[in-house]
Amino acid sequence: MMDGANPPRPPAPADVRVLIVDDDHAHAEMVGEFLRISGYSRVDHAPDLKTFWQRLDSCPEDPPYDIILMDYKLSDGTGLEALAQMSERGCQIPVVMVTGQGTERVAVQAIQQGAADYILKSGEYLLTLPALIQKTVQAHLLQRQVQESLKQIRY
């Protein structure tokens, strides 16, 4: 149970479980290796939505990841479809939508579907990932703490 007086401490990068969902294997490997060099030792990869759902089979009861980096366009669907299904299943893992074909419309749709954030695969975006992951995981922990506090108030 979380203490309502103090915000939860952000987990150390080595404790954060990251799932990269990307059908470009070389790109996923590069991102995974960069994250490992940045201290994130618990990084997995799902090349498609079928594998993604297999990896999330314990969700929502026991979420296997702390954050998901989801490519917008996958070989067997879109990240938006996955976000909608995650919501329907009650799986509350923060998702950062990652795409190489970004438009404002796609960004708005991703946020409306429940993505925690949106990032373009351009320039030096890899350099921003570690801080973005920490910020997103911390925000999710705070949100869970608020929800838990509200439940206690209701009872």
Side-chain angles (χ1 to χ4, degrees), residues 7-145 147:
R9 289 185 182 185
D15 296 329
V16 175
R17 301 163 300 171
V18 180
L19 177 61
I20 300 167
V21 184
D22 196 325
D23 55 1
D24 181 340
H25 184 74
H27 184 263
E29 275 298 309
M30 178 184 65
V31 172
E33 187 58 31
F34 180 79
L35 291 176
R36 286 182 200 91
I37 290 168
S38 301
Y40 293 88
S41 58
R42 300 172 73 184
V43 179
D44 288 332
H45 172 235
D48 52 38
L49 291 177
K50 180 181 177 187
T51 307
F52 168 72
W53 290 117
Q54 290 169 350
R55 294 196 185 269
L56 292 187
D57 67 348
S58 64
C59 199
E61 295 81 21
D62 183 23
Y65 297 98
D66 299 302
I67 189 165
I68 298 167
L69 304 176
M70 171 115 31
D71 192 15
Y72 171 74
K73 219 173 183 186
L74 298 160
S75 60
D76 57 349
T78 70
L80 292 179
E81 294 166 351
L83 280 170
Q85 289 180 10
M86 285 179 70
S87 179
E88 289 171 13
R89 295 178 184 200
C91 187
Q92 297 182 358
I93 301 171
V95 174
V96 173
M97 191 68 65
V98 183
T99 184
Q101 304 161 347
T103 66
E104 274 187 38
R105 182 182 62 77
V106 171
V108 168
Q109 285 178 321
I111 299 300
Q112 287 175 337
Q113 287 287 344
D117 214 329
Y118 178 90
I119 191 167
L120 291 175
K121 291 180 188 175
S122 65
E124 297 178 351
Y125 93 97
L126 280 180
L127 298 177
T128 66
L129 276 181
L132 178 62
I133 289 170
Q134 278 303 112
K135 176 193 78 130
T136 304
V137 169
Q138 177 68 5
H140 183 70
L141 288 172
L142 288 170
Q143 182 182 16
R144 284 184 32 215
Q145 182 182 27
Q147 289 171 345

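All figures in this text were calculated on a predicted structure; none of them were measured in a lab.
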Residue of the set Val16, Ile133, Leu126 for which side-chain contact (heavy atoms from CB on, under 4.5 Å) holds with Leu35: Ile133
Note: Lys121-Asp22 ion pair, threshold 4.0 Å (strictly below): yes
Flag, side chain of Arg36 to backbone of Gly32, donor-acceptor distance under 3.5 Å: yes
Pairwise distance CG(Leu80) to OH(Tyr72) - rounded to 0.5 angstrom: 5.0 Å
Side chain to side chain donor-acceptor pair (under 3.5 Å) partners of residues 82-97, not counting sequence neighbours, each pair once: Trp53-Gln85
Gap separating the OG1 atom of Thr78 from the CE atom of Met70, nearest 0.5 angstrom: 9.0 Å
Side-chain donor/acceptor of Arg17 to backbone N/O of Asp44, under 3.5 Å: no
Evaluation steps, side chain to side chain contact (heavy atoms under 4.5 Å, CB included), between Glu29 and Glu33: CA-CA 6 Å; Glu29 275 298 309; Glu33 187 58 31; 5.6 Å; no
Inter-residue atom distance Asp57.CG - Asp62.CG, 0.5 Å rounding: 9.5 Å
Phe52/Leu74 under side chain to side chain contact (heavy atoms under 4.5 Å, CB included): CA gap, chis, key distance, verdict: CA-CA 11 Å; Phe52 168 72; Leu74 298 160; over 6 Å; no
Nearest heavy atoms of Ser75 and Pro47, plus distance in Å: OG-O, 4.3 Å
Nearest atoms (heavy-atom pairs only) where Val137 meets Pro11: CG1-CG, 3.7 Å
Whether Asp76 side chain and Asp48 backbone form a donor-acceptor pair below 3.5 Å: no
Short N-O contact, Arg42 and Asp66, less than 4.0 angstrom: no
Gln54 atom CD, neighbour heavy-atom count above 12 within 6.0 Å: yes
Closest approach of Ile93 to Cys59 (non-hydrogen atoms, all atoms of both residues): CD1-SG, 4.0 Å
CG on Leu69 to CE on Met97, rounded to 0.5 Å: 11.0 Å
Least distance between heavy atoms, Leu56 atom then Pro64 atom: CD2-CG, 3.7 Å
Expected output: side-chain Gln134 to main-chain Leu129 donor-acceptor under 3.5 Å: no
Check against side chain to side chain contact (heavy atoms under 4.5 Å, CB included), Ile119 and Val98: CA-CA 5 Å; Ile119 191 167; Val98 183; 3.7 Å; yes
Gln109 and Tyr118: side chain donor to acceptor below 3.5 Å: no
For Ala110 against Leu83, the heavy-atom pair lying closest together: O-CD1, 3.8 Å
Shortest non-hydrogen separation from Leu19 to Ala46 and the atoms involved: CD1-N, 3.9 Å
Side chain to side chain contact (heavy atoms under 4.5 Å, CB included) evaluation trace for Tyr125 with Val31: CA-CA 10 Å; Tyr125 93 97; Val31 172; 3.5 Å; yes
From CZ (Arg55) to OG1 (Thr51), nearest 0.5 Å: 7.0 Å
